[in-house]
Amino acid sequence: MTLNMGPQHPSTHGVLRVVLELDGETVLRAKPIIGYLHTGMEKQAEYKTYTQSIPQTDRMDYLSPMSNNLALCLAAERLLGIEAPPRAQAIRVLMTELTRISAHCVWLGTHALDIGAMTVFFLSWREREKVLSLYDHIAGARLTASFVRVGGLARDLPEGFLDRCQKFVDELPGHVDEYEKLLTKNPIWLGRTQGVALLTREDAIALGATGPTLRAAGVNWDLRKAQPYCGYETYEFDVPLGTKGDAYDRYTVRLQEIRQANRIARQAIQRLREMGEKGEYRLRDYKYVLPPKEEVKHSMEALIHHFKIVAHGFFPPVGESYAAVEAPKGELGFYFVSDGSPRPWRMKVRSPSFVNLQNLPTMIQGRLVADVITAIGSLDIVLGEIDR
Amino acid sequence: MPLTTERVEERLRERFPDASVRRQTGEAVRDHTVYVPADRIAEIATFLRDDPELDFAMLSFVTAVDLLPRSPRFEVVYSLLSLSNNLRFTLKVVLNDENPRVPTVTGVWPTANWHEREAYDFFGIEFTGHPDLTRILLPDNWVGWPLRKDSPLGYQEVAFTHNTPNRVPPSPSLTKLKPKKVKYRAQ
Amino acid sequence: MADEKHDNPFRVLGQPAPAAAPPDDEHAIREELERGVLFTSVERMLGWAVNQARVNAIWPLGFGLACCAIEMMSILGPRFDVSRFGAEVMRSSPRQADLMIVAGRVSLKMAPVLRQLYDQMPDPKWVISMGACASCGGVFNNYAILQGVDKIVPVDVYVPGCPPRPETLLHGVMKLQEKILASKPELGPRPRARKRGVA
């Protein structure tokens, strides 16, 4: 029997369509059909400057918008050969780790909701609301922040932001303990996730899985440790690993990642307090980065640079670059081909969910239909990123 | 001695002396990129994956670039990742304009399946030997290859009052609205 | 049949509408009267009651597409409680829902699916177009995105924003409630075709 889990489904986390061939309740074959949210972002990026493409990236993985912004800016910075100042990097690290906490909270809430644990949904979205309110404070928007710019950030930290962050990171471990108390040793949860949606180490590497999916299979690969960016080599944190590669391992890995992200955020806040509340949040290389507004009001060169960058965009050298970050879902990379003009010739997004979703047929081969929901949930996919 | 990208290129040349392997040069080509012949890509990929010193077990992405005023216009880019050596390496293949085709690497890295389907979907590049080369992101009945440089963006002009001459006039109640005076607070 | 499906993804599903009857005076007058007037006080009270019932228990169809879907899920959360409006049950099946909140960008591949879902919803049904992408194409004006969902379904309330804050969506729901209360309940918010035809 062929069953269509259509694009409109409460548990597919977006508009994913899976065509299942069943024999009773056993899945013989599964074919994910995507493209219901295709937005043409790669084509549209060829008609916009690099900075104008940053708001587009928010809409890709809309659960972790600042990670996407960061990935684009890192790729553009690598192409230009510049690096953001240390204070901007610390703020970027802080926001990326808060993003990671928020994305994993959404994952936990929706995954638990699919499996049936509704309480966890309400609890974890409460944490997420706090992170969104921090986003609102720093960037002006709850979800689509577009805060990171090429060469630094859009603006500096506002008053009182670090205190609010401190309060959040102090309270978070207690909340994560709540989720663990509800789920980790819960026999229903164990029954639904242990041994389900197994992905072995060899399969994970061959199918290109990255992120918690890969680490749950036992492969110690985290871009923050292996190919660090934004000064991650100076922060202390562990990389949680799983053993078997089933849905329960992915759950444990992500929960531990929330704790580690909290640890990094705490160090980043400490570092920012040492560096001072206000300071360098953008590189002072006015060929590529906007000068601060105060200088534009007084200096002629700054005004001309501002005009050129805003009206035209910066002119990168002819070449190409690829930069990847460890987004909450996996390795998110941007590949730019530049022809020297302010608009990229080609922008390719290597999105982690696109590659991770390919693992789905391998995971649920021979399993029951109910495990399909668990598998899709534990993969943690976002259709905005898959379809771009 | 940790593996370097120069050593990878050296090994490639040693192993395939008759294939033309040349490095991409450029002012800002930030990754080590090597052009290889299109018909040998599957062998080269198998070698890069299976050789114990190189061990490029993971394929990050496969994509295509359309360099239209230049001929040949298509380039297919393969970005490889070696987990054990912590190294990235990029292969490129140049294809001709009419009927661009290249053998698939799905047999070497199964992850290439969807990447190649996406390249087919956007550019019309045929990957010979691919198990299921159909459109993936666009509707099945779409005609054309949108990311080619000669395909338009599809921008639709937005209808404003100034560019729609024969529009239906708004209802009378709306035209009688008086704008309220707004007091601006000094910043 | 198979060709039709492949040629035209925008075909209207279901039976084609029969040709409308030519308007004659009696019909026209009757239409005009029925459109705005409730005749007796009993009818008026019944109408009021029906409207109140419809307004205080609008059940949305869970149709989240993209980022706006996350803000729509936020209104189900404890902070922006949509339960006070009676709308916390997000029905998964269109046959059980009466409000379709189109939350997110509608790609051309998704458009026939959306129309099919709209057709499956029973009357009375309403549509809220949430966000800039659903209302007018939003940030994305290119080959892949439908420039406004009102090209394929009739929309009652447009909620702007990218994404709209949950309070904005709640404001949109409240505006829809006002619209329902102001409408004549028997015929629903839109005039019906005289003959049975399109679902």
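What's counted below: heavy atoms across the whole structure, side chains too, no hydrogens, waters or symmetry copies. In what follows, every chain begins at residue 1, and chains take the letters A, B, ... in the order their sequences are listed. Note that this is a predicted model, so its numbers are computed, not measured.
The two residues B:Pro146 and A:Lys43 make their nearest non-hydrogen contact at O-NZ, 3.1 Å. Heavy-atom minimum distance, B:Glu27 versus A:Pro317: OE2-CB, 3.2 Å. Taking each heavy atom of A:Ala226 and B:Asn86 in turn, the nearest pair found is O-ND2, 2.9 Å. A:Gly208 and B:Met58 get closest at one heavy-atom pair: CA-CG, 4.0 Å. The minimum heavy-atom distance linking A:His38 with B:Leu137 is given by the pair CB-O, 3.6 Å.
For A:Ala209, the part sitting under 4.5 Å from any heavy atom of chain B is the backbone (N, CA, C, O) and nothing else. No part of A:Leu37 comes within reach of chain B, as not one of its non-hydrogen atoms sits under 4.5 angstrom from that chain. Both the backbone and the side chain of A:Trp345 come within contact range of chain B, judged by heavy atoms closer than 4.5 Å.
Considering B:Val77, B:Thr90, B:Asp31 as possible partners of A:Tyr322, the one that fulfils the side chain to side chain contact (heavy atoms under 4.5 Å, CB included) test is B:Asp31.
Residues from residues 329-342 of chain A that place a non-hydrogen atom less than 4.5 Å from a non-hydrogen atom of chain B comprise A:Glu331, A:Tyr335, A:Val337, given in numerical order. Chain B is approached within less than 4.5 Å, heavy atom to heavy atom, by A:Lys31, A:Pro32, A:Ile34, A:Gly35 from residues 28-36 of chain A, ordered by number.
Judged by distance alone, the side chains of B:Asn113 and A:Gln358 never bring a donor and an acceptor atom under 3.5 Å apart. For the 3.5 Å distance criterion, the side chains of A:Arg350 and B:Thr63 fail to qualify, holding no donor opposite an acceptor.
A:Tyr47 has its ring centre no less than 6.0 Å from the ring centre of B:Tyr155.
Interface check for chain A: of the options B:Gly154, B:Ser60, B:Pro139, the most heavy-atom pairs under 4.5 Å are formed by B:Ser60.
Within a 6.0 Å radius of CD in B:Glu6, more than 12 heavy atoms belonging to other residues, nucleotides or ligands are found.
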Report the C-alpha distance between B:Glu118 and A:Arg388 in whole Å, list the side-chain angles of each, state the deciding distance to 0.1 Å, and finish with yes or no for salt bridge (Lys or Arg N to Asp or Glu O under 4.0 Å). CA-CA 11 Å; B:Glu118 189 192 325; A:Arg388 276 162 277 126; 3.0 Å; yes
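A salt bridge links A:Glu320 with B:Lys92; the closest basic N to acidic carboxylate O contact falls under 4.0 Å.
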